[in-house]
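When a ligand or atom number is given, it counts from 1 through the structure's own listing order.
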Amino acid sequence: MKILLGVTGGIAAYKAIDLTSKLVQNGHEVRVIMTESAEQFVTPLPFQALSRNPVYTDIFHEQNPAEIQHISLGDWADIMIIAPLTASTLGKIAHGISDNMLCATVLAFKKQIYLAPAMNSNMYENIAVQTNIDTLKKRGFKFIEPGEGFLACGYVAKGRMSEPLDIMQYITEDNIEKDLTGMNVLITAGPTIETIDPVRYLTNRSSGKMGYSLAQAASLRGANVTLVSTDVGLQVPSGVRHIKIESAQDMFNAVKDNMEQHIIIKAAAVADYTPSETYEQKLKKQDGDLTLTLKRTEDILKYIGEHKTSQFVVGFAAETEHVEKYARGKLIKKNADVIVANNVGDKSIGFKSNDNAVTMYFKNGTQIDIPKQSKLNIAHEILSHVKEKGFK
Ligand code: CTP
């Protein structure tokens with residue numbers, strides 16, 4: 001996106017340098033406007049160096065005589081962010097005052113503006129400030145609320161500018177294309193838990209992060225998402241329907257009852273075996289060794305593959321060797337439309353890691369490599385390829 005970043009005169013202006021860096025690193029093009037007060041805290045130079053664009057500070061200093069900058073910058077940008085936003089600039093915007101480069105650009109700007117206030121908590125709570133916030137919310141400005149924490153004045157209260165990473169995540173999520181609207185997507189995630197007795201169970205090393213990232217990405221893109229998983233300690237993404245299960249049998253039942261979907265993604269690491277017998281009371285230790293007998297669980301993906309009608313079925317393959325051979329074997333054996341294979345033997349992208357690297361093997365022979373990146377980015381890529389191949 002083309003992003004216009006306004007920086008006003010608060011101590012958090014230094015964080016706007018980090019925000020510029022993060023936005024550029026994530027592929028955005030950034031141009032910065034600073035108020036005169038902002039220059040009391042930081043200079044234009046770091047913004048210029050990081051954005052590799054001139055920084056705008058003076059409405060009367062036209063860097064290109066062929067343009068009126070406070071108009072042409074607004075035409076250029078897709079969105080505008082003001083971070084940090086002081087009480088003074090907030091008041092000016094609320095009342096249509098345009099006595100500097102930033103405020104004049106805001107008045108001429110016809111697209112979405114995001115405001116990240118930062119000020120002392122007493123100022124923030126002041127009725128004048130809160131009235132200005134309400135006014136601008138009603139006009140469609142979006143506020144990225146300040147957090148609680150240590151303020152420059154020594155208070156520990158609400159008023160700290162939201163962290164650059166959070167601001168970036170907010171605008172990314174808000175501007176995401178809702179290309180899965182109307183789609184019903186079922187995702188299974190994480191390990192299963194197979195009970196031995198009230199104290200012990202069998203499980204595996206899956207963290208659930210890949211499946212939860214898929215649920216988050218699909219939901220952000222407008223899909224109706226149902227997530228079937230054990231409690232893996234991750235927050236269920238907002239808007240996602242969560243069916244909490246424990247065993248492979250529970251997961252099988254939940255999936256079977258919810259087969260009416262456009263897309264089914266089996267990211268879960270399902271136990272292949274469960275104890276043949278579950279003990280009601282804690283097993284007491286005896287002399288000698290103990291032999292535990294295990295029986296096979298239902299292969300849920302295979303069941304889906306055999307009973308699917310129009311669903312696009314995505315299976316996963318967690319492998320430590322011969323990744324392609326095993327993944328292609330599972331594609332056929334389980335009648336999936338695609339298998340997403342990952343090498344869980346590689347510690348840098350394995351189960352507990354926040355990153356992953358996968359290869360998608362489609363039924364028609366197509367192979368797509370998705371290089372190492374965050375599991376959320378991988379999730380978006382997987383969904384884009386599924387949409388492209390399955391729902392033209
Ligand atoms: N799967 C499933 N039900 C099972 C076992 C696996 O639905 N009882 C699904 C997984 O969710 C995944 C795919 O099948 O989408 C492959 O799982 P994986 O554990 O990689 O392979 P397995 O089928 O268990 O085969 P193997 O243990 O031989 O690798």
Side-chain angles (χ1 to χ4, degrees), residues 185-195 201-215 218 225-230 232 243-259 261 263-276 294-308 311-346 349-353 356-363 368 370 375 378-379 382-383 385-386 390:
V185 181
L186 178 81
I187 298 168
T188 70
T192 57
I193 291 175
E194 309 302 326
T195 300
Y201 57 81
L202 299 174
T203 190
N204 60 64
R205 293 184 195 279
S206 169
S207 66
K209 284 179 187 167
M210 193 62 241
Y212 273 59
S213 296
L214 280 157
V225 181
T226 303
L227 175 66
V228 180
S229 80
T230 51
V232 288
I243 303 177
K244 198 172 139 196
I245 52 91
E246 281 221 330
S247 66
Q249 184 63 41
D250 296 342
M251 185 174 277
F252 176 64
N253 295 341
V255 170
K256 218 168 120 197
D257 291 347
N258 290 277
M259 285 274 291
Q261 306 286 337
I263 303 172
I264 300 180
I265 306 179
K266 287 275 319 86
V270 188
D272 291 326
Y273 296 93
T274 192
S276 303
L294 304 175
K295 63 180 181 194
R296 279 289 301 270
T297 57
E298 186 87 41
D299 189 322
I300 308 169
L301 181 58
K302 192 156 176 274
Y303 177 90
I304 300 166
E306 284 164 358
H307 294 82
K308 69 176 176 153
Q311 299 92 326
F312 193 92
V313 178
V314 183
F316 269 69
E319 308 296 351
T320 54
E321 59 175 356
H322 311 305
V323 177
E324 176 166 1
K325 183 176 147 211
Y326 289 147
R328 286 201 187 280
K330 285 174 188 173
L331 185 64
I332 294 160
K333 204 167 117 201
K334 305 196 186 205
N335 193 30
D337 293 291
V338 61
I339 289 282
V340 181
N342 58 343
N343 186 343
V344 290
D346 180 343
I349 55 168
F351 279 134
K352 296 273 183 279
S353 164
N356 205 355
V358 300
T359 303
M360 298 177 79
Y361 297 97
F362 285 86
K363 218 176 181 175
I368 296 170
I370 306 177
K375 284 184 174 167
I378 297 263
I382 291 171
L383 291 171
H385 291 302
V386 165

Is the closest heavy-atom distance from [X] to ligand 1 below 4.0 Å?
X: Arg296; value: no
X: Ala268; value: yes
X: Glu298; value: yes
X: Ala317; value: yes

For a 4.5 angstrom cut-off between non-hydrogen side-chain atoms, does [X] reach [Y]?
X: Ser247; Y: Ile193; value: no
X: Met210; Y: Ile382; value: yes
X: Thr188; Y: Ile300; value: no
X: Val338; Y: Phe312; value: yes

Verify the contact flag for atom 19 (O) of ligand 1, where contact means a protein heavy atom under 4.0 Å away. no
Under 4.0 Å from atom 28 (O) of ligand 1, is there at least one protein heavy atom?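 No, because not a single protein heavy atom sits under 4.0 Å from atom 28 (O) of ligand 1.
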Any atoms of ligand 1 less than 4.0 Å from a non-hydrogen atom of [X]? List them with their elements.
X: Lys266; value: 7 (O), 11 (O), 12 (C), 15 (O)
X: Gly315; value: 15 (O)
X: Leu301; value: 2 (C), 7 (O), 9 (C), 13 (C), 14 (O), 15 (O)
X: Thr297; value: 8 (N)

Closest approach of any protein heavy atom to [atom], naming residue and atom:
atom: atom 3 (N) of ligand 1; value: Ile300 N, 3.0 Å
atom: atom 26 (P) of ligand 1; value: Lys330 NZ, 4.0 Å
atom: atom 5 (C) of ligand 1; value: Asp272 OD1, 3.3 Å
atom: atom 6 (C) of ligand 1; value: Lys334 NZ, 3.7 Å
atom: atom 16 (C) of ligand 1; value: Phe316 O, 2.8 Å

[X] versus [Y], closest heavy-atom pair with distance:
X: Val314; Y: Val386; answer: CG2-CG2, 3.9 Å
X: Met259; Y: Lys256; answer: CG-O, 3.5 Å
X: Ala189; Y: Leu227; answer: CB-CD1, 3.9 Å

Heteroatom distance test (Val270, ligand 1): nitrogen or oxygen, under 3.5 angstrom: no
Any N/O pair Glu319/ligand 1 closer than 3.5 Å: no
Phe252 and Tyr303 aromatic ring geometry - parallel, tilted or perpendicular at 30°/60° bounds: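 Ring orientation of Tyr303 relative to Phe252: perpendicular.
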Interatomic distance, Asp337 atom CG to Ile304 atom CD1 [nearest 0.5 angstrom]: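 CD1 of Ile304 is found 11.0 Å from CG of Asp337.
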Please work out, at 4.0 Å between heavy atoms, whether the side chain, the backbone, both, or neither of Asp299 comes within that distance of ligand 1.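 Both backbone and side chain.
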Going by side chain to side chain donor-acceptor pair (under 3.5 Å), name the residues that satisfy it together with Ser207, two or more places apart in sequence or in a different chain.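 For Ser207 there are no side chain to side chain donor-acceptor pair (under 3.5 Å) partners, ignoring immediate neighbours.
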Throw together a table of side-chain donor-acceptor distances under 3.5 angstrom for residues 324-335, partners on residues two or more places apart or in other chains.
from	atom 1	to	atom 2	distance (Å)
Glu324	OE2	Arg328	NE	3.1
Lys330	NZ	Glu319	OE2	2.4
Lys334	NZ	Asp299	OD1	3.4
Lys334	NZ	Asp299	OD2	2.9
Asn335	OD1	Lys363	NZ	3.2
Asn335	ND2	Gly305	O	2.8

